[in-house]
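We number each residue from 1, following the sequence as shown.
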Amino acid sequence: MSAEILINVTPRETRVALAEQGMLQELHIERSLRRGVVGNLYKGRVQRVMPGMQAAFVELGLERAAFLHASDIVRVPQVQPSESEELGPPAPPPSITSLVHEGQEIVVQVVKDPIGSKGARLTTQVSIPSRYLVLLPYSKVIGVSARIEDDTERARLKGLVTELAEGSGMGFIVRTNAEGLGRDALEADVAYLRLAWQLIREACTSTPVGARIYEDLSLPMRALRDMMSTQIDRVLVDSRETHERLLRFAGQFMPDLAGRIEHYAGERPLFDLNGVEDEISRALQKEVPLKSGGYLVVDQTEAMTTVDVNTGSFLGQRNLEETAFRTNLEAAQAVARQLRLRNLGGIIIIDFIDMHDADHRRQVLRTLEKALARDHAKTTVYDFSPLGLVEMTRKRTTESLEHQLCEPCANCSGRGMLKSPETLSYEIFREVTRAVRQFEAERLLVIAAPSVVARITDEESVAVAELEEFLGKTIRFQADEQYGQEQYDVVLL
């Protein structure tokens, strides 16, 4: 599969795009004024202990206090499911009050950025990633990424790392990138992680409370560490300085792939050249067209994301069942790409077009699972519900693309809908009546959006005359282009 990584660097913002077969699959954004904190270690202070929630709030020096659950304090092996073996269910944690107390200093790692009104999510189960391994300093487990499916290769890697970790008292997870590697590369990573952990431990003693102990790599470096593989044909970066840093990083950690990192010096913007800017704009739209003529409608809410599949103009099959099946097969692949591209997480409900054939439903589900297999985030897909819905979850540690790039509409306050001119006409009539009863005035002036004033003066002129007679007052209307559709003022004259 042809794939490339595109890195666009400006003074305030860095963007990394992953394209496969010429199509944008992932977009990562890092802004200097709002850089993510996932992976960072802090020395914090316990602010409040909440026994009912089995959790504590920890002050880190961030905008909001961060959340630490009891299950993330207990010293049991806890790692990302996509990077680990099946470790079995963890033992129930002790009470939070027996683990921490208010005012206690504690070293924690951020596992989820602040999202919306929620603070960052923390753990004391520290993990330090490198190119091929993840160090678990408080665990002795040796695990292998679930994405490495060959049993012989898994056993070989586990044996090698077990041997290299002997005597360290620490655990390691073998990452997907390690597949096929020899002993030397893994040994170098183990040495690097041991040194990194030694420096972190030394920093813990000198770092004041509320300060950062360790910071993860910048976005371009993380992209190289986490996304670079033999399947990536090239990395294009439009900053000479960043290009040089990436070459130095690659020379140390992935010398065999360093030759694929190229500096882009063209006059046309890198993201424009590859159609990425257009793809980003489309990823912010609710509707996603399908090649067959069908389309998806993606709705992101506070509680969950819903995806509705529609046939649209696709009527090319012999019967409705076959049309639904073909549309759903295409939609399953499109849904997987959109979840990855938009970085949608949490609970996701997919409303496929109704199919009565059980085999058709199984094929659609398999297509969805296969398309999700390329996703770096952990996903879990459940079977069709009795209502014909597919429920799934996708792990997310940062804000969705929409929340990173957009803000709620100033006119509708994020509702996505505006009151109609008809509704506002009657609302204004009620406000005029209330104002006259509450205050003394000879005349009234109503200032509103042109669409609302036009409706009142054209379609509600009789109602205005009746209201003037009922109140014994003159009412004048003035359209103002500066007013949003739901804005209006009733002025007493």
Side-chain angles (χ1 to χ4, degrees), residues 37-44 72-80 82-85 87 106-111 122-148 153-207 211-218 221-229 245-246 248-258:
V37 293
V38 171
N40 292 357
L41 267 68
Y42 292 85
K43 182 182 280 189
D72 293 315
I73 303 174
V74 184
R75 304 297 187 191
V76 296
Q78 290 190 355
V79 294
Q80 299 292 345
S82 62
E83 293 286 340
S84 68
E85 292 185 319
L87 301 175
I106 186 169
V107 175
V108 289
Q109 185 171 36
V110 179
V111 294
L122 306 176
T123 183
T124 62
Q125 309 297 327
V126 174
S127 61
I128 308 296
S130 66
R131 170 67 177 157
Y132 303 117
L133 303 171
V134 177
L135 171 67
L136 306 174
Y138 298 129
S139 171
K140 293 184 180 180
V141 67
I142 304 295
V144 180
S145 166
R147 294 183 185 273
I148 300 177
E153 177 65 0
R154 291 174 63 83
R156 184 187 73 85
L157 289 169
K158 185 170 184 177
L160 265 177
V161 175
T162 300
E163 186 180 330
L164 293 171
E166 190 174 356
S168 67
M170 296 187 289
F172 292 88
I173 297 299
V174 182
R175 305 185 70 176
T176 310
N177 289 340
E179 189 168 10
L181 287 180
R183 180 188 179 92
D184 290 349
L186 295 174
E187 191 170 20
D189 254 26
V190 169
Y192 163 77
L193 288 171
R194 282 183 168 181
L195 176 60
W197 180 240
Q198 181 183 333
L199 295 174
I200 289 170
R201 290 186 65 184
E202 292 171 1
C204 286
T205 59
S206 57
T207 301
R212 186 176 61 233
I213 297 169
Y214 163 85
E215 184 175 26
D216 201 2
L217 298 171
S218 64
M221 306 294 189
R222 291 201 311 274
L224 221 58
R225 181 191 70 195
D226 298 337
M227 299 163 65
M228 192 65 176
S229 69
R245 287 208 308 268
L246 290 177
R248 289 195 296 270
F249 181 83
Q252 182 178 1
F253 294 105
M254 52 190 86
D256 53 326
L257 299 176

Which residues pass the side chain to side chain contact (heavy atoms under 4.5 Å, CB included) test with [X], not counting sequence neighbours?
X: A191; value: none
X: A188; value: none
X: S229; value: N177, Q231, I232
X: A250; value: L224, M254, A258, I261

Can you list the residues that meet the side-chain hydrogen bond (donor to acceptor under 3.5 Å, both in side chains) rule with [X], with sequence neighbours excluded?
X: R131; value: none
X: R183; value: E163
X: E187; value: none
X: D216; value: R225

**Report entry** Residue pairs involving residues 189-207 (criterion salt bridge (charged side-chain N to carboxylate O under 4.0 Å, His left out); sequence neighbours excluded)
**Finding:** none

Query raised in the report: Can we call the ring centroids of W197 and Y214 under 6.0 Å apart?
Result: no

**Report entry** Under the salt bridge (charged side-chain N to carboxylate O under 4.0 Å, His left out) test, residues paired with R248 that sit two or more places apart
**Finding:** none

Query - Inter-residue atom distance L41.CG - Q109.CD, 0.5 Å rounding - result: 4.5 Å

Requested in this report: Enter the distance from M228:CE to M221:CE here, rounded to the nearest 0.5 Å.
Outcome: 13.5 Å

Requested in this report: Could you point out which residue of R154, K158, E153 forms a side-chain contact (heavy atoms from CB on, under 4.5 Å) with R156?
Outcome: E153

Query raised in the report: Which pairs, with at least one residue in residues 163-195 and sequence neighbours excluded, count as a ring-ring contact (aromatic ring centres under 6.0 Å, His included)?
Result: Y192-F253

